[in-house]
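Here the structure is laid out as C-alpha cells; the discussion comes afterwards.
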Amino acid sequence: DCYDALANLKFVTLEDGSQSNKTVDTMIAKDGEEVPLHEEFTMEGEVEAYLNRLTESMRKSLKVILSDAVEKAVNWEIDTPRHEWLFDYPAQLCITGTQIYWTDETQLALEEYEGGQEDAVKRY
C-alpha cells in the first residue's frame, strides 16, 4: 500500500477562516508525526491522477527535507548537537540522514587508512 503510514492530510485554512476541502499542506503519519509538504497540494481532477501527483509531492517534500537534514548533520559538533538535530526532522529522515552521514564518515576514514594513516579508523 503506497500510503500505508499516512493517516491523514491537513487541509489549509482559507483567508475567510474556513477550511479548504481540496488543498492540503501537511502529511500526518499514523503515529501523529506531521510533515509539511514542500508546497501546497490541491486535489483536482480524476482521483487516480491526483493521487499520483500527491505521491510525487510527498516524495519531493521528503527529498527536500532529507537534503536539508544531511546538510545540517555535517555541523553536528559546531551548530546543533545531534541530540537536538533529531527533533528538527521527521523520525525516518533522521535515521536515513544519520546513515548517510555515517557512511560518508566511514568511507573517509577507510580512505585515510588506505592512504597510510593507520589510526584513521580508530580516530573515527
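Computed from a prediction, not measured in an experiment: that's the story for all the values here.
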The complete set of side-chain hydrogen bond (donor to acceptor under 3.5 Å, both in side chains) pairs with one or both residues in residues 80-93, sequence neighbours excluded, reads D68-Y89, R82-T98
Looking only at atom types and distance, does a side-chain atom of T26 sit under 3.5 Å from a main-chain N or O of P36, one as donor and one as acceptor?
no
Quick one: list whatever passes ring pair (Phe, Tyr, Trp, His ring centres under 6.0 Å) with F11, sequence neighbours left out.
none
Mind running side-chain contact (heavy atoms from CB on, under 4.5 Å) on R53 and F41 for me, showing each step along the way?
CA-CA 9 Å; R53 289 193 319 274; F41 179 81; 3.6 Å; yes
Hey, mind stepping through L9 and L54 against side-chain contact (heavy atoms from CB on, under 4.5 Å) and telling me if it holds?
CA-CA 11 Å; L9 296 167; L54 176 61; 3.9 Å; yes
Donor-acceptor contact below 3.5 Å, side chain N52 vs main chain E48:
yes
Identify whether I100 and L108 are in the same connected component of the hydrophobic contact network (ILVMFWY, side-chain heavy atoms under 4.5 Å).
no
So does E56 pair up with R59, basic N to acidic O under 4.0 Å?
yes
side-chain contact (heavy atoms from CB on, under 4.5 Å) between V12 and E40, intermediate numbers included
CA-CA 8 Å; V12 299; E40 290 183 352; 3.5 Å; yes
With distance as the sole test, does E34 use its side chain to make a donor-acceptor pair with the main-chain N or O of M27 at under 3.5 Å?
no
Transitively linked via ILVMFWY side-chain contacts under 4.5 Å: V35 with I95?
no
Could you give the distance from NE2 (H38) to OG (S57), rounded to the nearest 0.5 Å?
9.0 Å
Kindly check if the number of other-residue, nucleotide or ligand heavy atoms within 6.0 Å of CD (Q19) is above 12?
yes
ILVMFWY cluster, I78 and Y101 together (side-chain gap under 4.5 Å)
no
Side-chain contact, heavy-atom cut-off 4.5 Å: T42 with Y50?
no
Heavy-atom side-chain proximity of L37 to K60 below 4.5 angstrom
no
To the nearest 0.5 angstrom, please state how far the CE atom of M58 sits from the NZ atom of K63.
16.0 Å
How far does CE of M43 sit from OG of S20, to the nearest 0.5 angstrom?
7.5 Å
How about E33 and I28: do any of their side-chain heavy atoms sit closer than 4.5 Å?
no
Tell me, with the steps shown, if L62 and L93 meet side-chain contact (heavy atoms from CB on, under 4.5 Å).
CA-CA 8 Å; L62 294 173; L93 296 182; 3.9 Å; yes
